[in-house]
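Some notes on the structure that comes next.
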Amino acid sequence: MTAQSAAPVSPDEQEALDTPELSAGARFRRRFRRQYPALLALGWLVLVVLTALCAPLLATHPPLEQNLAGVLQRPGQGGHLLGTDDLGRDVYTRALYAGRISLVAAAQAVAVAVALGVVPGLVAGYAGRRVDAVIMRITDGVMSFPPLILAIAFVGVLGPSLTNAMFVIGVIFAPRFVRLVRGSVLSVRQETFIEASRSIGTPTHRVIRRHVVPNVLSPLIVQISLAAAMAMLAEASLSFLGLGVQPPDASWGSMIERGFRYTAAAPWLTVFPGLLIALTVLAFNVLGDGLRDSLGREERRAA
Amino acid sequence: MPQYALKRVLMMVPLLFLVSLGVFALVLLIPGDPAITIAGENATEAQIEATRERLGLNDPVIVQYLGWAGSALTGDLGTSLFSNESVSGAIAARFPVTIAVTAAAMTVALLIAVPAGIIAAVHRGRWPDRLATLFASIGISMPNFWVGILLIIVLALMFPIFPAVGYTPISEGIGAWAHNLVLPGLTLGTTVAAEITRQLRGSLHDVMQQDYIRTARANGLRGGVVIAKHGLKNAAVPVVTVIGFQVGFLLGGSVIVERVFGIPGLGDLAIRAVLQRDIPMIQGIVVVTALVVMLVNLAVDLSYGYLNPKVRQG
């Protein structure tokens, strides 16, 4: 290692020098393909989404069909792959349908967070100091509440329902997106190409759309993946407390809640849905980390 | 330093104002007429009117806010709509339990994270690091109530070492108190341990690359001393920040863990308040927990001054 003598060249820059014919996007894809854990995580997520979409095809029983003669059956007993719950419903089938609800709920929360976070972040980063200060104080305010307690309070006021719960989770996550977008806007604003564009008279909204937004996009995608992981955990927590999804619908979190009452007699009722949550959340986290590691040097700093 | 501390304390004033505004606004979010919601579906016209009067809902919003915030400043958070118990009193009775759960979780977290983070940072890229990173990733991905149930299945039902549910006040003996807190502490502590390990691994690794570490080593200091005296203190700022963030997480997580283990803490109070729509109680709990988080963040910021003298001038 004689890095001291030559001008320091990072691996990313070296890669860019070696492969000048590749666009930034192509270099990103090349790096991402080498992230085996992230590829595995992506595979799991695709599988989960597909099984949720095809739930009616894959189900072995109707999801709400009760069988009081065969409650709390062990996995494999009576043609039930993962056993039955306290009402004799097929756990495997319910887990398929619950996956739909858990995934849609996480998507709702992330969508709300992005919708509420991106524009204030752009404004805070691009507008003057005073507007920035006001927006940042408000995000500080939201962030000084313990997230889960704030969510519980909101759901308590609005009434328990999954949509309310996920809307609130989205609001609570929004400050992260405000901060992220603001941070990347502030760093990209200093770049020469923005100054050049402004100096030839490009209107502000066009500078933002053509130059700022594309540069904010990649750290945003990383954050979306990580936020989906947190949203899924938050949904599970609220549903476990009975403040999220309402019966007879079930999410993985509410399946654990239901199974918790029979922990001693039927531990599989809590083990399987929990495993599904843990694996899916892990996949979102690993995917997010892998995406971040595949970004170029400049973008990685903001993410 | 006193100047920095003063500035930091003053910064809390607008934040407190925003927080109080947000908590007060919870009432405005009640769909429909809050008086009907609170008095109940079957209330008579007169009962609804009495409720409206009692809650001051006929006053202009500003007056309502000032009245609420004014009494909150003196420690009066109103009265429960259901038990006629004072909100401050109910919270004060439950808070020590939640603090105990939080402290148990933080103890578990630090006991795991500090050694794991140091080992991972020192052996960066090799198997101890990979193992620690893998466990940390798994740790933050598991729903903590699920971890709690698994712990109950294994350590309370299969091998009855710890009680599955319940809480013993510390006044009835430290041993019994701690015995009851082991499983809740493990449940919540694993997630926090994972976060702290990740942060400590990253920042300690960065610090160990610095020139002054090389100099200390060149001067003949032994590895352990270098890490303890120069590495950890300089790596502490981001780690302390994460620990501060985790307190907010723990207060929320405690709600769930209290539910799993049947512990009569703040979380138990919060869930009951939410199910009964006991709005003053909900507001009180949110205010108190937000205040705790703000004070912890204040302590974290002030500790920067000790850990990194450069901050004091800032």
Side-chain angles (χ1 to χ4, degrees), chain A residues 37 41 133-134 137-160 164 226 229-230 232-243 252-253 256-257 259-260 263-264 267 269-271 273-275 277-286 289, chain B residues 11 14-19 21-23 26-27 29-31 34 37 137-138 140-147 149-150 152-153 157-158 164 191 245 247-256 259-260 266-267 270-271 273-279 282-283 285-286 289-294 297:
Chain A
V134 170
R137 281 296 86 73
I138 293 175
T139 61
D140 283 351
V142 176
M143 287 176 98
S144 56
F145 291 103
L148 198 59
I149 291 191
L150 189 59
I152 291 171
F154 266 103
V155 173
V157 170
L158 296 171
N164 284 348
L226 300 176
M230 285 185 286
M232 186 161 256
L233 282 180
E235 182 277 326
S237 301
L238 288 173
S239 291
F240 177 74
L241 296 174
L243 302 175
W252 290 334
I256 298 181
E257 189 269 335
F260 177 50
T263 316
L269 290 181
T270 46
V271 171
L275 212 53
I277 298 175
L279 284 175
T280 309
V281 171
L282 183 65
F284 275 123
N285 279 328
V286 170
D289 288 345
Chain B
M11 268 171 64
L15 207 55
L16 265 176
F17 171 68
L18 272 173
V19 164
L21 214 57
V23 173
L26 280 174
V27 181
L29 285 174
I30 300 178
T37 307
S137 301
I138 295 174
I140 55 166
S141 303
M142 291 188 295
N144 47 38
F145 55 91
W146 184 64
V147 174
I149 297 171
L150 293 185
I152 289 182
I153 292 176
L157 298 175
M158 285 166 65
T191 315
F245 277 140
V247 171
F249 165 82
L250 281 176
L251 287 174
S254 181
V255 175
I256 297 192
R259 174 78 156 219
V260 173
L266 209 54
I271 292 173
V274 162
L275 294 178
Q276 296 174 326
R277 292 211 150 173
D278 192 345
I279 307 291
I282 298 175
Q283 286 177 314
I285 292 168
V286 176
T289 49
L291 193 65
V292 171
V293 171
M294 281 161 86
N297 284 333

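Values below: all heavy atoms of this structure, side chains included; hydrogens, waters and symmetry mates excluded. Quick note on labels: first sequence line is chain A, next is B, and so on, each numbered from 1. As the structure is a computational prediction, the values presented were derived from the model and not from experiment.
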OG1 of A:Thr270 to CG of B:Leu150, rounded to nearest 0.5 Å, is 6.5 Å
From the list B:Ile285, B:Ile271, B:Ile149, B:Leu15, the residue making the most non-hydrogen contacts under 4.5 Å with chain A is B:Ile149
Can you confirm whether A:Ile149 sits close enough to B:Leu266 that some side-chain heavy atom of one is under 4.5 Å from a side-chain heavy atom of the other? no
Applying a strict 4.5 Å limit to non-hydrogen atoms, the region of A:Leu275 in contact with chain B is both
* May I ask you to test the A:Leu148-B:Leu251 pair for a side-chain heavy-atom distance under 4.5 Å? => no
Output, in order, the C-alpha distance, side-chain angles, deciding distance and verdict of side-chain contact (heavy atoms from CB on, under 4.5 Å) for B:Phe145 and A:Ile256.
CA-CA 9 Å; B:Phe145 55 91; A:Ile256 298 181; 3.7 Å; yes
In terms of heavy-atom pairs under 4.5 Å with chain A, the winner among B:Leu18, B:Ile140, B:Val19 is B:Val19
Heavy-atom closest pair (B:Gly248 atom, A:Pro146 atom, distance to 0.1 Å) is O-CB, 3.4 Å
Any side-chain heavy-atom pair of B:Val293 and A:Phe145 under 4.5 Å: no
Closest non-hydrogen atoms of A:Leu233 and B:Met142, given as atom of the first, atom of the second and distance, are CD2-C, 4.1 Å
Bottom line for A:Ala229: the part with an atom under 4.5 Å from chain B's heavy atoms is neither
Honestly, the part of B:Leu157 sitting under 4.5 Å from a heavy atom of chain A is side chain
Checked A:Ala236, A:Ala283, A:Gly274, A:Gly141 vs chain B; the most non-hydrogen pairs under 4.5 Å come from A:Gly274
Hits for side-chain hydrogen bond (donor to acceptor under 3.5 Å, both in side chains) against B:Ser141, two or more places apart or cross-chain, chain-then-number order -> A:Asn285
Of A:Thr280, A:Leu158, A:Asp140, the largest count of non-hydrogen pairs under 4.5 angstrom with chain B goes to A:Leu158
What one should report as the nearest heavy-atom pair of B:Ser137 and A:Leu282 is O-CD1, 3.4 Å
Cut-off 4.5 Å, heavy atoms of chain B, and the answer for A:Val271 is both
Heavy-atom closest pair (A:Ser237 atom, B:Ile256 atom, distance to 0.1 Å) is CB-CD1, 3.1 Å
Minimal heavy-atom distance between B:Leu26 and A:Val157, with the atoms involved, is O-CG1, 3.2 Å
Quiz prompt | side-chain contact (heavy atoms from CB on, under 4.5 Å) between A:Phe240 and B:Val260, intermediate numbers included | solution = CA-CA 10 Å; A:Phe240 177 74; B:Val260 173; 3.6 Å; yes
Sorted by chain and number, sequence neighbours left out, side-chain hydrogen bond (donor to acceptor under 3.5 Å, both in side chains) with B:Thr289 holds for none
One should read off an interatomic distance between B:Ile153 CD1 and A:Phe260 CZ, to the nearest 0.5 angstrom, of 9.5 Å
